[in-house]
Structures are given as C-alpha cells and as structure tokens.
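First the proteins, then the strands, lettered A, B, ... as listed; each starts at 1.
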Number of protein chains: 2
Amino acid sequence: MQFSFRLPVATHILLCIERFKDEYKTTSTFLASSVNVNPVIIRKTLGQLKAAGLVEVAAGVGGAKLTKSPEDITLWDVFRAVEEDEDLFHFQENPNPKCPVGRNIHGVLGDRLEEVRQHMLADFKKITLADLLESIATKEAAE
Amino acid sequence: MQFSFRLPVATHILLCIERFKDEYKTTSTFLASSVNVNPVIIRKTLGQLKAAGLVEVAAGVGGAKLTKSPEDITLWDVFRAVEEDEDLFHFQENPNPKCPVGRNIHGVLGDRLEEVRQHMLADFKKITLADLLESIATKEAAE
DNA sequence: TGTCGATGTAATGTTAATAGATACAACGAA
DNA sequence: TTCGTTGTATCTATTAACATTACATCGACA
C-alpha cells in the first residue's frame with residue numbers, strides 16, 4: 001500500500017530546475033542524473049508538469065523552467081499533475097446487494113474516506129516549493 | 001496510486017460480524033458472500049485482524065466476534081492491522097549524492113510527507129465502527 | 001540548409017503487488 | 001469418527017509501475 005514514485009520524482013525535478021536555473025541548462029539528461037532514473041521517465045513526468053502549467057519545456061533547444069515562482073507552487077499542484085484523480089481507496093465492485101452492509105458500505109465508508117483524502121490534499125496545499133528549497137539550502141549550508 | 005482493497009474489505013468484515021452477531025454464525029463463507037470475494041481472502045484478513053487483537057475466531061466450530069465494543073475500534077486500528085507500516089511514499093533509492101538536491105531531498109521531503117501521513121492516521125482514529133454501523137442503520141431505515 | 005543536441009512518444013521487457021483459486025492439514029463439537 | 005470450519009501453502013492471472021531502446025520531430029546555429 002503505497003503511493004508511487006511519481007510525486008517525489010516530480011518534486012525533485014522541480015526543485016532541481018529552480019536550484020540550478022542559473023548554473024546549468026536543466027535538460028532531461030541533467031535531471032535524470034540527479035534523480036538517478038532513466039531520462040525517459042524525466043521527460044514523461046516533465047510532460048505531465050507541462051500539461052499542468054507548472055513548467056515550460058524548450059523543445060529542440062532543451063531545458064525547462066518554472067512558469068511561476070516557487071512560493072506559488074505547492075505539493076498539491078504537483079500531486080494533481082502526476083497522479084490520476086481517482087479515489088484513494090479501492091472498493092470491492094460488487095458487494096452483495098441483499099446484505100444491508102454490502103449494499104451500503106460503499107456510500108458510508110466512501111464518504112468518510114473521501115474526507116480523509118480532502119484533508120490530505122489540504123495538507124499538500126500548505127507545502128510550497130519555496131519551503132523545500134529553503135530547507136535544502138539550510139542543509140547545504142550546514143554541510 | 002491507490003490503497004489496496006484491504007482496508008475497505010477488513011472494515012466490511014468487522015461491520016458484518018457486529019451487524020449479524022445475533023442472527024447468523026459469521027463464518028468466512030458467510031462473510032465472503034456479503035463482501036463478494038473468495039473465502040480465503042476473508043480468512044487471511046481475519047487472521048490479520050485476529051493478530052491485531054480486534055477479533056476472536058473460533059477455530060473448528062467457526063465464526064468470529066469482536067473483542068471490543070464498536071465504539072472502541074477505529075479505522076486506525078483496522079488500517080494498522082491490514083497494511084504494512086511502511087512509508088506512504090516511495091523514494092528513489094539512489095539519488096545522486098553529488099547533487100545538493102539529490103542528497104537532501106529524502107530528508108527534506110520525507111519529513112513533510114511523514115507529517116501528512118500522521119495527519120491521515122489521526123483522521124482514521126476519529127472514525128469508529130460504531131459511527132459506521134449507525135450510518136448503515138440510518139440508511140437501512142430509510143430504504 | 002544540413003547538422004546536432006534535445007524533446008516527445010511508441011513499443012517492449014521486467015518486476016512486484018494483488019487477488020483468485022484449489023488443496024489439504026488441523027481443529028472442535030456432536 | 002464424522003462434519004463443517006479455520007489456517008495455510010501453493011499456483012496462476014492480472015495489473016501497474018518502472019526501465020530501456022528506438023526513432024521521429026523540433027529549433028538553433030554554423
């Protein structure tokens with residue numbers, strides 16, 4: 001029971017783009033070497049981030065940059081960009097309709113779990129890229 | 001990106017055990033017909049719930065019952081019983097240690113996401129089996 | 001305008017997790 | 001001893017995710 005790599009990877013990508021924007025051209029190969037995954041994974045993820053309006057990618061010439069300042073990008077934005085907007089939990093599709101529990105559990109439990117999910121998304125909204133960059137800078141300074 | 005069936009199935013099982021305790025012997029076959037999965041899945045899940053101290057299962061004679069009252073069992077108990085206690089998110093195992101983002105992202109992002117996870121668990125603690133039984137009873141009465 | 005490095009994307013392979021199913025030993029009551 | 005049930009082991013099928021290769025396309029520049 002786990003989320004996929006995608007949110008951490010996408011966040012890593014965005015942080016690198018911002019952190020190195022003045023030092024390097026942030027190509028998919030460059031980013032792949034920091035994250036340590038195949039460049040194709042980077043390009044796919046970058047494609048999702050682009051579709052969500054978070055980055056611009058220069059086709060041909062190469063490199064990516066943020067479309068907003070890091071203060072205005074939250075993990076919620078990233079999460080929505082890279083994860084399907086499905087329910088958090090699987091439900092058994094065909095519980096027994098003749099059983100009062102079976103025919104009502106989806107509605108009853110689903111409602112509660114949806115609240116939990118919304119709560120999680122609200123937490124994501126509180127975490128900005130700027131927060132993370134600052135934490136990384138602090139760690140860097142302490143090295 | 002989803003949780004497995006296990007939490008909803010385990011919850012379904014517990015609700016059925018309590019709802020039908022005075023009417024039927026809640027065997028794995030009986031529960032399987034309400035949830036509509038293979039009885040072996042029920043037995044495996046019941047084994048996890050038993051290991052967590054939430055139910056007693058009568059080997060030989062058959063049937064299961066709760067060890068506590070429904071007010072005292074929360075989704076947190078159920079979640080812990082059926083899901084491995086791993087991190088919510090996967091991280092790339094080997095980010096580039098030469099990159100300041102790569103060598104620090106696990107610590108920085110991991111801390112934030114762990115807070116989100118703890119928050120989710122706290123939400124689970126607020127939802128009791130008794131709440132769910134009451135909601136189901138309300139729906140039943142309205143049918 | 002041809003070259004070159006980069007992106008976009010399709011196709012394929014690999015791995016891991018999950019669920020479904022069958023089989024059977026062990027259990028406990030009658 | 002019989003019978004219904006639980007506890008497990010094992011096998012298979014399915015699915016999702018990630019890795020990799022390959023190649024068409026793009027845009028700047030000599």
Side-chain angles (χ1 to χ4, degrees), chain A residues 1-10 12-13 16-17 20 24-33 35-52 54-65 81-95, chain B residues 1-10 12-13 16-17 20 24-33 35-52 54-65 81-95:
Chain A
M1 188 298 296
Q2 284 195 323
F3 288 77
S4 71
F5 284 113
R6 289 203 292 270
L7 179 66
V9 167
H12 191 150
I13 289 172
C16 275
I17 289 173
F20 294 113
Y24 300 97
K25 184 166 72 164
T26 50
T27 66
S28 61
T29 304
F30 173 82
L31 295 168
S33 80
V35 182
N36 198 26
V37 296
N38 195 285
V40 175
I41 306 293
I42 301 290
R43 285 184 220 141
K44 279 184 185 167
T45 306
L46 229 28
Q48 293 178 300
L49 295 172
K50 189 174 68 172
L54 301 179
V55 299
E56 285 170 0
V57 182
V61 57
K65 62 176 184 177
V82 299
E83 297 284 357
E84 302 303 319
D85 194 23
E86 299 163 11
D87 292 334
L88 237 194
F89 293 88
H90 275 290
F91 276 88
Q92 172 61 19
E93 285 302 311
N94 304 306
Chain B
M1 189 301 294
Q2 285 195 324
F3 288 77
S4 70
F5 283 115
R6 289 204 292 271
L7 179 66
V9 167
H12 191 151
I13 289 172
C16 275
I17 289 172
F20 294 113
Y24 300 97
K25 184 166 72 165
T26 51
T27 66
S28 61
T29 305
F30 173 81
L31 294 168
S33 80
V35 182
N36 198 25
V37 295
N38 194 286
V40 174
I41 306 292
I42 301 291
R43 286 184 219 141
K44 279 183 186 166
T45 307
L46 229 27
Q48 293 177 301
L49 295 172
K50 188 173 69 171
L54 301 179
V55 299
E56 285 171 0
V57 182
V61 57
K65 62 177 185 178
V82 298
E83 297 283 358
E84 301 304 318
D85 194 22
E86 299 164 12
D87 292 333
L88 238 193
F89 295 87
H90 275 290
F91 276 88
Q92 173 62 17
E93 285 302 311
N94 305 304

Side chain of A:Thr27 - closest among C:dT7, C:dA21, D:dA22: C:dT7
Between D:dT25 (C1') and A:Arg43 (CZ): distance, integer Å: 12 Å
Donor-acceptor contact present, side-chain A:Gln92 to main-chain B:Asn36, <3.5 Å: yes
Sugar-phosphate only, base, or nothing, as touched by A:Gly47 at under 4.0 Å among non-hydrogen atoms: nothing
Between C1' of D:dC26 and CG of A:Leu46, the distance in whole Å: 16 Å
Sugar-phosphate only, base, or nothing, as touched by B:Gly62 at under 4.0 Å among non-hydrogen atoms: sugar-phosphate
Integer-rounded Å distance: C:dA11 C1' and A:Ile41 CD1: 14 Å
Between C1' of C:dT18 and CD of A:Gln92, the distance in whole Å: 13 Å
Whole-Å distance separating the NZ atom of A:Lys25 from the C1' atom of D:dC29: 12 Å
Rounded distance in Å - CD (A:Gln48) to P (D:dA17): 11 Å
Sub-4.5 Å side-chain heavy-atom contact between B:Pro8 and B:His12: no
Residue met sooner reading DNA chain D from 5', once A:Pro39 and A:Val61 are mapped to nucleotides: A:Pro39
Single hit among B:Leu31, B:Leu54, B:Thr26 for side chain to side chain contact (heavy atoms under 4.5 Å, CB included) with B:Leu46: B:Leu31
Given D:dA9, D:dG7, D:dT20, the nucleotide with the shortest approach to the side chain of B:Lys50: D:dG7
Under-4.0 Å side-chain N/O to phosphate OP1/OP2 contact, A:Ser28 with C:dA6: no
Atom pair CZ (A:Arg43) and CG (A:Asn38), whose distance is rounded to the nearest 0.5 Å: 8.0 Å
Any A:Arg6 side-chain nitrogen or oxygen under 4.0 Å from OP1 or OP2 of D:dC18: yes
Distance, rounded to the nearest Å, where A:Leu31 contributes CG and C:dG5 contributes C1': 15 Å
Atom-pair distance (CD on B:Glu56; P on C:dC27), nearest Å: 18 Å
